Protein chains: 2
Amino acid sequence: MRTRQRILEAAAELFRDRGYSNTRLTDIAERAGVQTGSLYYHFASREALVGEILHIGMGTAWRHVHQAVDSLASDAAPIERVAAAIKAHLLVVLDISTIASAQSRVVNEVPDDVRAAHLDEQRAYGNYWRSLLEDAQRAGELDPGLDLYVFGVALFGMMNATTALQPERVGDAEAVASIIVGLVLDGVRVGRPKRRAR
Amino acid sequence: MRTRQRILEAAAELFRDRGYSNTRLTDIAERAGVQTGSLYYHFASREALVGEILHIGMGTAWRHVHQAVDSLASDAAPIERVAAAIKAHLLVVLDISTIASAQSRVVNEVPDDVRAAHLDEQRAYGNYWRSLLEDAQRAGELDPGLDLYVFGVALFGMMNATTALQPERVGDAEAVASIIVGLVLDGVRVGRPKRRAR
DNA sequence: GTCTATACGGCGATAGAC
DNA sequence: GTCTATCGCCGTATAGAC
């Protein structure tokens, strides 16, 4: 495998497991099987390396979520599109891409200038989610009184927290995704019918 | 105010906003209005300081949640106790205690030995929540098929993510808490009555 | 492209005066 | 109890050989 790719993969595993601040360049080099100094042939700095992780990880999540939503029947209900997006995001961070997983773990931990450089793509992703939610709300399928800002923050907090699940204590990613989708759409309470739109 | 207390408060604000690894002792000292060297009269090390934050923060959350649940009528439904616990935890981290807020932010970021020293109290808190959830499930008020481990991780991920909400874009802590409680119990979907226990 | 060797700075921690 | 001064380590980054 190309060295640059090995470095990115090694960095992603470590960032995902320990976070950015707790990962030394020597750790990354060791896991990638090179000397620390050699990293600088491929990346200008530690910050440039993590910046690349953010970029690739977000792109990967974006592509998978977008594709999952687009592959629904064109007459699919907006709420179905939201459900598909949630499932796709979870599959990506839990299963498909170590780099996407790392992105979600370290986004809020990196130095300000790295975040700033990443902000545009992060916002684009957020805007896409917001449009999905607004469509569902306009269609009367989401609680019309729901504050989408609060909901969005809560939703991402929940989804990204699932990367901390111990694999041996849960089923596969599909199983986790369906639990989360069920929780978000219908909650965990039994026996109290939902009220209709007010 | 006693210096030790000022130091703890200053450290908590910084830990909550930037995390542990991104907070220098010089930042803490500056905010507390002392010289860096003076910190060592009150705490043996940086790790000891954050350990104290974890301890106090967890104790504070514990007390508030416990009290909120206990102050319910003794015949309150188990699901009501869960709702009260969620609300209380949110009020604590959003409003009541900077130290509790800091605890939730840095728990998964501190060095291993600090975490290890904190593990017992963290587990006790988790066990209390698990008992609340199991009671509700046994009473048939929570979806009987729900995986409580996955739910617990998701729930805490969601609750602790609310500390990232920008205050100017949301109502007060009570308002946020009621959104989250509603989301957890009944979900965000409109119009599809929940099925009864299967 | 990768290595070895080293420069450089930052930060946690200690010593000792007051 | 708080200050000033300083030590020493660790980790990022650079230089230059191969």
Side-chain angles (χ1 to χ4, degrees), chain A residues 1-56 102 105-107 109-118, chain B residues 1-56 102 105-107 109-118:
Chain A
M1 201 202 309
R2 286 230 326 297
T3 304
R4 184 190 152 90
Q5 197 56 37
R6 279 209 328 275
I7 295 171
L8 284 168
E9 207 57 40
E13 287 177 32
L14 291 163
F15 288 159
R16 176 195 43 163
D17 295 340
R18 314 184 191 168
Y20 174 69
S21 322
N22 290 322
T23 302
R24 309 281 80 118
L25 287 181
T26 53
D27 304 329
I28 296 170
E30 184 182 25
R31 177 166 302 213
V34 296
Q35 292 301 311
T36 306
S38 310
L39 297 177
Y40 287 86
Y41 175 80
H42 302 277
F43 301 94
S45 67
R46 182 168 175 255
E47 295 197 358
L49 170 53
V50 74
E52 188 71 5
I53 295 277
L54 295 182
H55 177 65
I56 297 174
R105 161 90 194 235
V106 304
V107 181
E109 185 191 350
V110 293
D112 287 344
D113 48 345
V114 177
R115 279 211 58 173
H118 183 55
Chain B
M1 198 201 315
R2 286 228 330 294
T3 304
R4 184 190 153 92
Q5 196 57 36
R6 279 207 331 273
I7 295 171
L8 284 168
E9 207 57 41
E13 287 176 33
L14 291 163
F15 288 158
R16 176 195 43 162
D17 294 340
R18 313 184 192 168
Y20 174 70
S21 321
N22 291 323
T23 303
R24 312 289 108 207
L25 286 182
T26 51
D27 303 330
I28 296 170
E30 183 183 23
R31 177 166 302 213
V34 297
Q35 293 301 311
T36 307
S38 309
L39 298 177
Y40 287 86
Y41 175 80
H42 302 278
F43 301 95
S45 67
R46 182 166 174 258
E47 296 197 359
L49 171 53
V50 74
E52 188 71 6
I53 295 278
L54 295 182
H55 177 65
I56 297 173
R105 160 91 194 234
V106 303
V107 180
E109 186 191 351
V110 293
D112 288 344
D113 49 345
V114 177
R115 279 209 57 170
H118 183 55

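Numbers restart at 1 for each chain; the letters A, B, ... are given by sequence-line order, proteins then strands. All values reported here derive from a predicted model rather than from experimental measurement.
Between R24(A) atom CZ and dA13(D) atom P the separation is 11 Å, expressed in whole Å. Taking atom CG of D27(A) as the reference point, atom P of dG11(D) lies 8 Å away to the nearest angstrom. In this structure, NE2 of H42(B) is placed 8 Å from C1' of dT2(D), rounded to the nearest angstrom. At whole-Å resolution of the value, CD in E47(A) and P in dA13(D) are 7 Å apart. The separation between I7(B) atom CD1 and dG1(D) atom P is 12 Å, rounded to whole Å. Spacing between atom CZ of F43(A) and atom P of dT2(C) amounts to 12 Å, rounded to whole angstrom units.
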Inset, instruction - List the steps and the verdict of salt bridge (Lys or Arg N to Asp or Glu O under 4.0 Å) for D27(A) and R18(A). - result: CA-CA 11 Å; D27(A) 304 329; R18(A) 314 184 191 168; 3.2 Å; yes
Inset, instruction - Start with the C-alpha distance between R16(A) and V106(A), add both sets of side-chain angles, then the distance that settles side-chain contact (heavy atoms from CB on, under 4.5 Å), and finish with yes or no. - result: CA-CA 7 Å; R16(A) 176 195 43 163; V106(A) 304; over 6 Å; no
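Between R46(B) and dA13(C) there is no side-chain polar atom (N or O) within less than 4.0 angstrom of OP1 or OP2. In terms of phosphate contacts, Y41(A) brings no side-chain nitrogen or oxygen within less than 4.0 Å of OP1 or OP2 of dT2(C).
Around CG of D113(A), the count of heavy atoms belonging to other residues, nucleotides or ligands within 6.0 Å exceeds 12.
As judged by a 4.0 angstrom heavy-atom cut-off over every strand, T3(B) is placed among residues touching the sugar-phosphate backbone only. Contact annotation for T36(A): no contact, since no heavy-atom pair falls under 4.0 Å across all strands.
Geometrically, R46(A) engages Y20(A) in a cation-pi contact, judged by NZ or CZ lying under 6.0 Å from the ring centre and within 45° of the ring axis.
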